[in-house]
Enquirer: 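Below: one structure in structure tokens.
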Amino acid sequence: MSLTSALNTASAGVSVASSQTAVVARNVANQQTDGASRKLANVVTINGLPSVVSITRVTNAAALKSLLTANADDARDGAVSDALTQLQSTVGATTVDDTTSPTALIAALSDALSTYAASPESQASVDAVQAASDLAGALNSAADTVQQVRADADAAIGDSVSTINNLLTRFQAVNETIVKGTVAGADITDALDERDSILQSLSAEIGISTVTRSNNDMAIYTDSGVTLFDKTARSVTFEAKTTFTASTQGNAVYVDGVPVTTSGASYEIKSGRLAGLVEVRDDLAVTYQDQLDEIARGLITAFQETDQSGGTGSPQAGLFTDAGSLVVPTSGTVSEGLASRISVAASVVATPTLLRDGGISTNGADPYVYNPNPGETGYTDRLNELVSGLKTAQAFDPVAGAGTSLSLADYAAASASWLGVKSQAASSTAAYSATVKSTAATALSNATGVNIDTELSKMLALEQSYGAAAKLVSAVDQMFSDLLNAI
């Protein structure tokens with residue numbers, strides 16, 4: 001080997017070691033950066049001279065795909081669990097000490113009626129009416145809470161759609177950089193990291209799948225197969241509602257004009273926060289609202305007044321009414337929004353003894369008066385009948401999902417149990433999904449992330465390589481000097 005060849009080889013070694021050291025330093029600097037992958041300097045030897053020809057990154061497509069799926073499931077399950085926890089904590093539970101749940105307040109009303117029957121003083125009648133008012137108020141409040149949960153979910157859907165559109169816009173810019181950089185042979189590793197990071201954020205909002213094509217171009221689809229991105233970002237649209245009542249139906253989310261959240265739609269998404277929020281708004285909260293409406297309808301039915309004259313007068317609402325109406329709702333059929341409208345009849349509030357005597361619907365007039373001698377304090381038949389009515393099985397709408405033939409108290413308990421089971425199951429599922437997501441994230445980090453010990457060890461090796469190459473350059477330089485001096 002000539003001195004010139006030796007000098008060229010040593011110089012190339014210094015250059016390669018310098019480039020590799022720069023890549024290692026970059027890895028160390030990004031060790032704490034979310035989504036940053038390990039970069040590698042690829043060295044080839046051409047005509048005996050080494051050189052760095054490209055910078056690539058460590059990837060693991062399978063691990064990334066697993067993380068995107070786990071991310072979407074975790075976001076969906078978290079949204080459902082949070083909403084159910086909110087419903088359960090505000091409506092109340094069935095514990096002995098709880099005084100806010102419909103179950104507890106139905107029991108309190110039954111006790112108050114029994115006390116009134118046993119102690120016919122005026123205060124007992126007032127207390128019984130107050131217990132009825134507390135129960136109606138609790139149902140009103142619970143119904144409001146359900147609608148607030150639906151309204152919050154609807155607003156969150158709007159936020160999620162806005163986030164998705166922003167992410168897709170960012171994705172388009174980064175994807176174009178990657179495609180152009182790939183064609184030009186530029187270092188695109190940081191852009192690839194950013195694109196993966198966007199995919200992770202996007203998967204938290206909506207379940208996705210991806211396809212990578214030539215020149216690193218990538219297309220994105222929803223988990224139901226609708227195109228979200230292909231060369232350009234597709235428009236995701238949604239129109240939020242300003243208010244929610246029991247009869248309000250939320251709007252669907254559209255991707256490029258295709259509905260992806262309407263129940264029964266051909267392309268309904270299955271995961272991501274968006275799917276969880278829609279499930280809360282259109283399914284879980286609606287079912288619970290139906291149960292509250294059935295409790296309210298059952299109360300009006302249990303306390304209805306019938307014609308006591310033997311005539312053909314239709315039963316009329318008694319202690320409880322649908323916003324003052326005397327109409328008794330159809331048995332076994334959900335009366336939409338009734339829980340938010342149920343109230344105690346104004347006549348019995350003004351004259352609590354009507355609870356004992358009957359005639360609430362007619363303000364003390366026949367033919368709906370039960371007490372043969374109105375005002376007689378010893379009359380307890382009607383009060384005992386009302387207590388018995390709370391314990392008598394009646395028909396409930398199967399659509400509500402809490403039973404079809406139960407006493408009112410048992411139905412309220414079944415409703416609370418339904419919510420508790422759903423909440424507990426959602427909490428467990430969310431905890432499991434969070435664990436799966438954490439495991440997938442760790443697997444991806446282990447496969448593609450930066451290990452500081454590995455990088456520092458490589459740094460030491462590169463320093464030695466750089467030092468050896470530099471010494472060789474110095475030695476050749478000295479040889480050239482000695483040779484020139486000898487001439």
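Since the structure is predicted, the reported quantities are computational estimates derived from the model, not experimental observations.
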Enquirer: May I have the step-by-step check of side chain to side chain contact (heavy atoms under 4.5 Å, CB included) for R38 and L40, ending in yes or no?
Expert: CA-CA 7 Å; R38 187 187 181 205; L40 300 174; 4.0 Å; yes
Enquirer: Please verify the inter-ring angle class for F320 with F303; under 30° counts as parallel, over 60° as perpendicular, anything in between as tilted.
Expert: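 Perpendicular, since the angle between the ring planes exceeds 60°.
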Enquirer: Distance-only, no hydrogens or angles: does the S19 side chain make a donor-acceptor pair with backbone N or O of S15 under 3.5 Å?
Expert: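 Side chain of S19 to backbone of S15: a pair is present.
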Enquirer: Would you call T301 and S331 a side-chain contact if the rule is heavy atoms closer than 4.5 Å?
Expert: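 Contact flag for T301/S331 side chains = no.
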Enquirer: What's the spacing between K180 NZ and N216 CG if we round to 0.5 Å?
Expert: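 It is 15.0 Å, given to the nearest 0.5 Å.
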Enquirer: Salt bridge or not for K471 and D477, using N-O below 4.0 Å?
Expert: no
Enquirer: Any side-chain to backbone donor/acceptor pair from S325 onto V327? Under 3.5 Å, distance only.
Expert: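 A pair under 3.5 Å: yes.
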Enquirer: Salt bridge or not for R76 and E279, using N-O below 4.0 Å?
Expert: no
Enquirer: Any side-chain donor paired with an acceptor under 3.5 Å for Q88 and S423?
Expert: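 Yes, because at least one side-chain N or O of Q88 sits under 3.5 Å from a partner of the opposite role on S423.
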Enquirer: Would you say S407 and D410 are linked by a side-chain donor-acceptor pair, where the criterion is simply a distance under 3.5 Å?
Expert: yes
Enquirer: Can you find a side-chain donor-acceptor pair between N140 and S340 that sits under 3.5 Å?
Expert: no
Enquirer: Between Q289 and Q147, is there a side-chain donor-acceptor contact under 3.5 Å, judged purely by atom types and distance?
Expert: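 Side-chain D/A pair, Q147 to Q289: present.
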Enquirer: Taking the side chain as every heavy atom from C-beta outward, state whether V450 and V28 have any pair of such atoms under 4.5 Å apart.
Expert: no
Enquirer: Using the ring-ring contact (aromatic ring centres under 6.0 Å, His included) criterion, which residues pair with F244? Sequence neighbours excluded.
Expert: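 F244: no ring-ring contact (aromatic ring centres under 6.0 Å, His included) contacts found.
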Enquirer: Side chains of T245 and S247: is there a donor and an acceptor less than 3.5 Å apart?
Expert: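 Yes.
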Enquirer: State which residue, out of T56, I178, V179, fulfils the side-chain contact (heavy atoms from CB on, under 4.5 Å) condition with I188.
Expert: I178
Enquirer: Working to the nearest 0.5 angstrom, can you tell me the gap between D293 CG and Y288 OH?
Expert: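 D293 CG to Y288 OH: 11.0 Å, rounded to 0.5 Å.
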Enquirer: Between T330 and T333, is there a donor-acceptor pair closer than 3.5 Å when you use the side chain of the first and the backbone of the second?
Expert: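 It does not hold such a pair.
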Enquirer: When you measure from the side chain of T145 to the backbone of S141, do you find a donor-acceptor pair of N or O atoms at a distance under 3.5 Å?
Expert: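 Present.
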Enquirer: Show your reasoning for whether side chain to side chain contact (heavy atoms under 4.5 Å, CB included) applies to D73 and K437.
Expert: CA-CA 8 Å; D73 291 343; K437 174 189 171 183; over 6 Å; no
Enquirer: So do S201 and R170 actually touch side chain to side chain, heavy atoms under 4.5 Å?
Expert: no
Enquirer: Does a sphere of radius 6.0 Å around CD in Q31 hold more than 12 heavy atoms from other residues, nucleotides or ligands, not counting ones at 6.0 Å or beyond?
Expert: yes
Enquirer: Quick test of your reading of the model: are R57 and D193 salt-bridged, counting only N-O distances below 4.0 Å?
Expert: yes
Enquirer: Is there a side-chain contact between V253 and I157 in this structure, where contact means two heavy atoms from C-beta onward sitting under 4.5 Å apart?
Expert: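 Contact flag for V253/I157 side chains = yes.
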Enquirer: Give me the atom names and distance for the closest heavy-atom approach of D290 to A400.
Expert: CB-CB, 3.9 Å
Enquirer: Look up atom OG in S271 and atom CD in E205, then write down how far apart they are to the nearest 0.5 Å.
Expert: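 Between S271 OG and E205 CD, I get 11.5 Å after rounding to 0.5 Å.
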Enquirer: Verify, without hydrogens or angle tests, whether N47 (side chain) and L49 (backbone) share a donor-acceptor contact under 3.5 angstrom.
Expert: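 No; judged by distance alone, with no hydrogens or angles, the pair does not exist.
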Enquirer: Do S197 and D34 come within less than 4.5 Å of each other through their side chains, counting heavy atoms only?
Expert: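 No, every pair of side-chain atoms sits at 4.5 Å or beyond.
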Enquirer: If I take atom CD1 from residue I206 and atom OG from residue S160, how far apart are they, to the nearest 0.5 angstrom?
Expert: 7.5 Å
Enquirer: Taking atom CD of E176 as the centre, report whether more than 12 heavy atoms of other residues, nucleotides or ligands fall under 6.0 Å from it.
Expert: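 Enclosed: over 12 neighbouring heavy atoms sit under 6.0 Å from CD of E176.
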Enquirer: Test Q172 against I198 for side chain to side chain contact (heavy atoms under 4.5 Å, CB included), laying out the working first.
Expert: CA-CA 10 Å; Q172 180 169 337; I198 293 173; over 6 Å; no
Enquirer: Do L109 and L105 make a side-chain contact, defined as non-hydrogen atoms from C-beta onward lying under 4.5 Å apart?
Expert: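 The answer is no; the side chains never approach within 4.5 Å.
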Enquirer: How about F480: does its CZ atom have over 12 heavy atoms from other parts shown lying under 6.0 Å from it?
Expert: yes
Enquirer: Identify the heavy atoms of Y267 and V226 that sit nearest to each other, and give their distance.
Expert: CB-CG2, 3.4 Å
Enquirer: Heavy atoms only: give me the nearest A70-V436 pair and the separation to one decimal.
Expert: CB-CG1, 3.9 Å
Enquirer: With sequence neighbours excluded, what pairs up with F229 under the ring-ring contact (aromatic ring centres under 6.0 Å, His included) test?
Expert: F171
Enquirer: Using 4.0 Å as the upper bound for N to carboxylate O, is an ion pair formed by R297 and D397?
Expert: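 No.
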Enquirer: I need the minimum non-hydrogen distance between A17 and S465, along with the two atoms involved.
Expert: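 Of all heavy-atom pairs spanning A17 and S465, the closest is CB-OG, 4.4 Å.
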Enquirer: Quick one: closest heavy-atom pair of A252 and T261, and the distance?
Expert: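 Looking at all heavy atoms of both residues, the closest pair is CA-OG1, 3.3 Å.
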Enquirer: How many angstroms lie between atom OG1 of T454 and atom CE of M459, to the nearest 0.5 angstrom?
Expert: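 Separation between the atoms: 13.0 Å.
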Enquirer: Would you list the pairs meeting salt bridge (Lys or Arg N to Asp or Glu O under 4.0 Å) in which at least one residue belongs to residues 140-162, sequence neighbours left out?
Expert: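 Only D154-R281 qualify under salt bridge (Lys or Arg N to Asp or Glu O under 4.0 Å).
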Enquirer: Less than 4.5 Å apart, any side-chain heavy atom of I342 and any of T321?
Expert: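 Of all side-chain heavy-atom pairs linking T321 with I342, none is under 4.5 Å.
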Enquirer: Output, in order, the C-alpha distance, side-chain angles, deciding distance and verdict of side chain to side chain contact (heavy atoms under 4.5 Å, CB included) for S335 and R341.
Expert: CA-CA 10 Å; S335 181; R341 303 189 302 267; 3.6 Å; yes
Enquirer: Can you tell me if S203 and N71 form a side-chain donor-acceptor pair at under 3.5 Å?
Expert: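 Side-chain D/A pair, S203 to N71: present.
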Enquirer: Answer whether the closest heavy-atom distance between the side chains of D256 and T227 falls below 4.5 Å.
Expert: no
Enquirer: Is the shortest side-chain N to carboxylate O distance from E455 to K458 below 4.0 Å?
Expert: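 Here E455 does not pair with K458 in a salt bridge, since their nearest N and O are not under 4.0 Å apart.
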Enquirer: Donor-acceptor pair, N446 side chain versus T442 backbone, under 3.5 Å?
Expert: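 Here the side-chain-to-backbone pair exists.
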Enquirer: Looking only at non-hydrogen atoms, find the nearest pair between A79 and V280 and report the distance.
Expert: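 It is O-CG2, 4.1 Å.
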Enquirer: Would you please say whether a donor-acceptor pair under 3.5 Å links the side chains of S224 and T222?
Expert: yes
Enquirer: Are more than 12 heavy atoms from other residues, nucleotides or ligands located less than 6.0 Å from atom NZ of K39?
Expert: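 Yes - once you tally the heavy atoms of other residues, nucleotides and ligands closer than 6.0 Å, there are more than 12.
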Enquirer: If you measure from CG on D196 to OG1 on T210, what distance do you get to the nearest 0.5 Å?
Expert: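 So the gap between those two atoms works out to 8.5 Å.
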